[in-house]
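Following: one structure in structure tokens, then a few remarks.
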Amino acid sequence: MESANSTASTPETAATSNFIRTIVEEDLKNGKHKTVVTRFPPEPNGYLHIGHAKSICLNFGLARDFGGRCHLRFDDTNPAKEEVEYAEAIKDNVRWLGFDWGEHLHYASDYFEQLYQWAEQLIRQGDAYVEDLSAEEIRAYRGTLTEPGKESPCRSRTSEDNLALFRRMRAGEFADGAKVLRAKIDMASPNLNLRDPVMYRILHAPHPHAGDKWCIYPMYDFAHGQSDSIEGITHSICTLEFADHRPLYKWFLERLGIYQPHQYEFARLNLTYTVMSKRKLLQLVQDGDVSGWDDPRMPTLSGLRKRGYTPESVRNFCEQIGVGKSDSWIDMSILEEAVRNDLNVRAPRAMAVLRPLKVVIDNYPEGLTEEFEAANHPNDPAMGTRKVPFAREVYIERDDFLEEPPKGFFRLSPGREVRLRYAYIVKCESVVKDAAGNIVEVRCSYDPASRGGSAPDGRKIKGTIHWVSARHAVKAEVRLYDRLFTVPNPDKGGQDFKAFINQDSLRIVEDACLEPALAKAASGSSYQFERQGYFHVGSTSADGTPVFNRTATLRDSWGSGGKKE
RNA sequence: UGGGGCGUCGCCAAGCGGUAAGGCACCGGAUUUUGAUUCCGGCAUUCCCAGGUUCAAAUCCUGGCGCCCCAGCCA
């Protein structure tokens, strides 16, 4: 069987309009900008998740659609939390998603010297001062949401003194936390971000990218806007919680007299049945609730990838959910639907029995093996066919047999007929049970005239079920993944989100029975196990058999419309 | 109760003064050797509420109500 994912794919969802796209269009049309330059600015302090994908698709998508460019810039201003491993994983994820930053891989830390010079400029202009107050004192002086803050005694220092002190900060003469550099703006501003925000703090720590050159590091607010300015960003796009920072973003650029990009904010993605904050994801990793940042249950790009999500499906998802400013909760089912849509057209079909129940066909010749031709994709003949061996004993799914079927059940049950896909129509003649009354085997007869599964006399066979020849079955491990949390919003109500972890989010089936063609499944490819779902081939286990990770179930309108196995 | 942001179908979301796109969900019906897919068809006389302006408002004005974010030397 050919390895999957080489042929057709779903068409890319056309970019729908959104307010940012509209702004870019207008800026280009009226000549405000000649080209569009955006950037995706992650902090390398964790893995990227599906929420970041929304931002990546927005920023890189804009650049792609309007013939501009998008930079990948690490916002690495806090060495205490950042690691090279994260930066590498981020680059890998962005590439996997299908985007290319070309020559434009940047680091805020590469601008540290320039930033430092700009800080000195602000000090000379009387726009910044060195603060001696402790962190606690600064907080106390800041005031509250409804009361103005108090000015620090250090606020009146001369430029000369400030400059000397700041240089001594850089020279490493002070301990961590002993001093900070602050912007001199307005301690009574209703916007707390303007109450003399901290620009630099002392941190005697090596930096993952800049090495040990620095012991003072700029804050986000003093680095981000200037980085945008240096890179000639035209549209600086960030999430809503930074809207309050926009006046500060502008203030620094104005005082510095440098090119001023404009900042636009959009609503971050919230997805049901998962958590999206890096802090919480890190906690799951550290507490061992998942196997790592790339656990297939994680909403991280690495996790989704391991789960079997395709870049196309993630991009389509991001396009579908749109970009707005209202707090939105996207249902997990929309993400799941996005992979199904993509995998439906590209994944070859195969048969696999997860919970085997033996069926013996009494009137079928004992030693005989027949081979049936099965389509690799029922709607795409170009994907070819494969041979599936059939013999007297086959396994079917336990769920496909019910001794006392409810109304509307049209699989196998005593006295009833069902079609074994591509093989024969069989009829259940009897049931064999063990001493405890458990069904251990089903006895059937087959209709030799139904070779291939057709009903020559035109009789209607409602049910068609999948099967695997017992003698030819290949054993494999199958991992059934489900949602990580049991409630739509694990963060709600201030309770510990971990109380809502789904204890059943991973079930490992050790002895699934696969049709023989699956033994050669290539790692990284995806298949649809007919009637069950999409499965992604993970790393091969020690004994050479593949491990299959369930990406998503198939939709199932039988029963409560819920999920099956 | 200071500042910022948001309220259009169950969930997202277009719309920007001319009489409510689209997706997902849902409900019918057709095809089907996957209860899958595909395919047709249905699904907001109404845009948080109340007033007002206008020939005409989801779109403009006024006043309410509700939700989210901000008091890190995090980003």
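These numbers come from a predicted model, not from an experiment. What's counted below: heavy atoms across the whole structure, side chains too, no hydrogens, waters or symmetry copies. Order of the sequence lines fixes the chain letters, A, B, ..., with proteins taken first and strands second; residue numbering starts at 1 for each chain.
U45(B) and U34(B) have their C1' atoms separated by 43 Å, with the value rounded to a whole Å. Using P as the reference atom, A57(B) and A13(B) are 26 Å apart when rounded to the nearest Å. When the P atom is compared between G52(B) and U59(B), the two are found 14 Å apart, to the nearest whole Å.
No hydrogens or angles were tested; on distance alone, a donor-acceptor pair under 3.5 Å links the side chain of Arg411(A) to the base of G35(B). For Asp556(A) against G35(B), no side-chain N or O and base N or O form a donor-acceptor pair under 3.5 Å. Taking only distance into account, the side chain of Gln528(A) meets the base of U34(B) through a donor-acceptor pair shorter than 3.5 Å.
Using a 4.0 Å heavy-atom cutoff across all strands shown, Phe409(A) reaches at least one base atom of the nucleic acid. Counting any heavy atom pair closer than 4.0 Å across all strands shown, Asp221(A) reaches no nucleic acid atom. At a threshold of 4.0 angstrom between heavy atoms, the contacts of His245(A) include nucleobase atoms, whether or not backbone atoms are also involved. Residue-level contact check: Asn379(A) touches the bases, meaning some heavy atom is under 4.0 Å from a base atom. If you check every strand for non-hydrogen atoms under 4.0 Å, Gly463(A) touches nothing. If you check every strand for non-hydrogen atoms under 4.0 Å, Ile330(A) touches sugar and phosphate atoms only.
Annotated as syn: G72(B), whose glycosidic dihedral is within 90° of 0.
Here the closest heavy-atom approach between residue Ser152(A) and residue Tyr129(A) is recorded as CB-OH, 4.2 Å. Here the shortest heavy-atom pairing between Arg157(A) and Val130(A) reads NH2-O, 2.9 Å.
Checking G3(B), C12(B), G2(B) against the side-chain heavy atoms of Asp244(A) singles out G3(B) as nearest. When each of A75(B), A25(B), A36(B) is scored by its nearest atom to the side-chain atoms of Glu337(A), the top-ranked nucleotide is A25(B). With G4(B), C74(B), U34(B) as the choices, the nucleotide that has an atom nearest any side-chain atom of Ala243(A) turns out to be G4(B). Distance from the side chain of Ser328(A) is smallest for C12(B) among the nucleotides C12(B), A75(B), G35(B). Each of G5(B), G2(B), G72(B) was ranked by its minimum atom distance to the side chain of Thr146(A); first place goes to G2(B). Between A71(B), C74(B), G23(B), one nucleotide has an atom nearer to the side chain of Gln320(A) than all others, and that is G23(B). For Thr22(A), the listed nucleotide lying nearest its side chain is G15(B); candidates were C12(B), C73(B), G15(B). Distance from the side chain of Ile334(A) is smallest for G23(B) among the nucleotides G23(B), C73(B), A36(B). When each of C12(B), C68(B), U34(B) is scored by its nearest atom to the side-chain atoms of Arg531(A), the top-ranked nucleotide is U34(B).
Between Phe390(A) and Tyr446(A), the gap from one ring centroid to the other reaches at least 6.0 Å. Proximity of the aromatic rings of His224(A) and Phe242(A) is defined here by a centroid distance below 6.0 angstrom, and this criterion is not met.
Atom NZ of Lys250(A) is surrounded by 12 or fewer heavy atoms from other residues, nucleotides or ligands within 6.0 Å. With a 6.0 Å radius and a threshold of 12 heavy atoms from other residues, nucleotides or ligands, Arg416(A) has its CZ atom above the threshold.
Of the side-chain N and O atoms in Arg279(A), none sit less than 4.0 angstrom from OP1 or OP2 of A75(B). Taking only side-chain nitrogens and oxygens, Arg201(A) comes nearer than 4.0 Å to OP1 or OP2 of A75(B). Distances shown here put every side-chain N or O of Arg139(A) at or beyond 4.0 Å from the OP1 or OP2 atom of C73(B). Neither OP1 nor OP2 of G2(B) sits under 4.0 Å from any side-chain N or O of Thr144(A). Arg555(A) has a side-chain polar atom (N or O) that falls below the 4.0 Å cut-off from OP1 or OP2 of C26(B). Using a 4.0 Å cut-off, some side-chain N or O of Ser17(A) falls inside it from OP1 or OP2 of G15(B). Contact between the side-chain N/O atoms of Arg268(A) and the OP1/OP2 oxygens of A75(B) is not found at any separation under 4.0 Å. Dashed line: the shortest gap from a side-chain N or O of Ser326(A) to OP1 or OP2 of C67(B) is not under 4.0 Å.
The ring of Tyr220(A) does not lie on top of the base of A75(B); it is either too far (5.5 Å or more) or too tilted (30° or more).
For Ser109(A), the side-chain hydrogen bond (donor to acceptor under 3.5 Å, both in side chains) partners at least two apart in sequence or on another chain are Asp76(A).
Checking G72(B) for Watson-Crick or G-U wobble geometry (two distances, each under 3.5 Å) identifies no partner in any strand.
Between the side chains of Asn59(A) and His71(A), no donor N or O sits under 3.5 Å from an acceptor N or O. Looking only at atom types and distance, the side chain of Asn191(A) has no donor-acceptor partner in the side chain of Ser189(A) under 3.5 Å away. Side-chain contact annotation: Ser236(A) with Arg39(A), donor-acceptor N/O pair under 3.5 Å present.
Listed in residue order, the members of residues 182-193 of chain A having a heavy atom less than 4.0 Å from RNA chain B are Pro190(A), Leu192(A).
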